[in-house]
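Please read the structure below before turning to the comments.
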Amino acid sequence: MNDCIFCKIANGIIPSQKMYEDEKMIIIKDINPQAKLHYLAIPKEHFCDITELSKNSPETLTHMFSVIADKKDELGFKDGMRVITNVGENGCQSVKHIHIHLLGGEKLSEKMG
Ligand code: AMP
Ligand code: ZN
């Protein structure tokens, strides 16, 4: 997608603070952190949201969660984390390229929505 910011980040056109990269995905620091630690796991291939990703490339979704599980201690989530992906208007998804928020590094609020 030409004008998609996360496609540009995934392709290195826009710089980011990359914590992890492989052929299918990246994990970057969120530019506007909502917790002590706030990362985004982003597939390199463009899908609008998690419903499109799971329908069209379930193996990528599985891969992403497998990497998150492998890397969680290294990323600072030994004591837990919150894993969120916003979908659409009511979910307040602002970037229309699926990304999984990883939040933690501290005790988070019990409030979810
Ligand atoms: P969402 O509202 O779920 O679509 O989340 C979009 C997230 O992307 C927000 O947490 C933003 O802070 C983050 N974000 C937007 N632009 C960038 C960027 N260039 N680098 C890192 N994170 C970004
Ligand atoms: Zn994209």
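For the single chain, residues carry numbers from 1 onward in sequence order. In listed order, ligands and their atoms are each counted from 1.
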From atom 23 (C) of ligand 1, work out which of Ile42, Ile14, Ile31, Thr85 has a heavy atom at the shortest distance.
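Minimum heavy-atom distance to atom 23 (C) of ligand 1 goes to Ile31.
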Pull out every atom of ligand 1 sitting under 4.0 Å from any heavy atom of [X], numbered as shown with elements.
X     : value
Lys29 : 21 (C)
Ile28 : 21 (C)
Cys92 : 2 (O)
Asn32 : 12 (O)
Gln93 : 4 (O)
His99 : 1 (P), 3 (O), 4 (O), 5 (O), 6 (C)
Leu40 : 8 (O), 13 (C), 22 (N)

Any heavy atom of Ile9 sitting closer than 4.0 Å to ligand 1?
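Contact check Ile9 vs ligand 1: positive.
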Answer with yes or no whether Lys96 contacts ligand 1, where contact means a heavy atom under 4.0 Å from a ligand atom.
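In this structure, Lys96 fails to qualify as a contact of ligand 1 - no heavy atom is under 4.0 Å.
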In this structure, would [X] and [Y] fall into the same cluster of hydrophobic residues linked by side-chain contacts under 4.5 Å?
X     : Y     : answer
Ile26 : Val83 : no
Tyr20 : Ile42 : no
Val87 : Leu61 : yes

Closer than 3.5 angstrom, by distance alone: can the side chain of Thr62 be matched with the main-chain N or O of Pro58 as a donor-acceptor pair?
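Checked: pair present.
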Taking heavy atoms and a distance under 4.0 Å, where does [X] meet ligand 1: side chain, backbone, both or neither?
X      : value
His101 : side chain
Asn86  : side chain
Phe6   : side chain
Ser16  : neither

By the definition side-chain contact (heavy atoms from CB on, under 4.5 Å), identify the one residue from Gln17, Met19, Glu21 that meets it with Ile27.
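Exactly one candidate clears the test, Met19.
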[atom1] ([X]) with more than 12 external heavy atoms under 6.0 Å:
X     : atom1 : answer
Glu23 : CD    : yes
Glu89 : CD    : no
Lys18 : NZ    : yes
Asp73 : CG    : yes

If you measure every N or O of Ser94 against every N or O of ligand 1, does any of those distances drop under 3.5 Å?
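Such a contact does occur with ligand 1.
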Parallel, tilted or perpendicular, judged at 30° and 60°: which one describes the rings of Phe6 and His99?
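Rings of Phe6 and His99: perpendicular, over 60°.
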Angle subtended at the Zn ion (ligand 2) by Cys7 SG and Cys4 SG, rounded to 10 degrees
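Computed angle, vertex at the Zn ion (ligand 2), rounded to 10 degrees: 120°.
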Euclidean distance, His38 NE2 relative to Leu103 CG, rounded to 0.5 Å:
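Separation between the atoms: 4.5 Å.
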What residue and heavy atom of the protein are closest to atom 16 (N) of ligand 1, and at what distance?
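Looking at atom 16 (N) of ligand 1, the protein heavy atom closest to it is Ile5 CD1, 4.0 Å.
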Just to confirm my output: which protein heavy-atom neighbour is closest to atom 10 (O) of ligand 1, and how far is it?
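Among all protein heavy atoms, the one nearest atom 10 (O) of ligand 1 is Asp30 OD2, 2.5 Å.
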Ignoring hydrogens, what is the shortest heavy-atom contact between Met25 and Ala41? Give both atom names and the distance.
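Reported closest heavy-atom pair: CE-CB, 4.2 Å.
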Only N/O/S atoms count here: what is the atom of His97 closest to the Zn ion (ligand 2) called?
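Atom name returned: ND1.
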Tell me, which N, O or S atom in His46 is closest to the Zn ion (ligand 2)?
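In His46, the N, O or S atom with the shortest distance to the Zn ion (ligand 2) is ND1.
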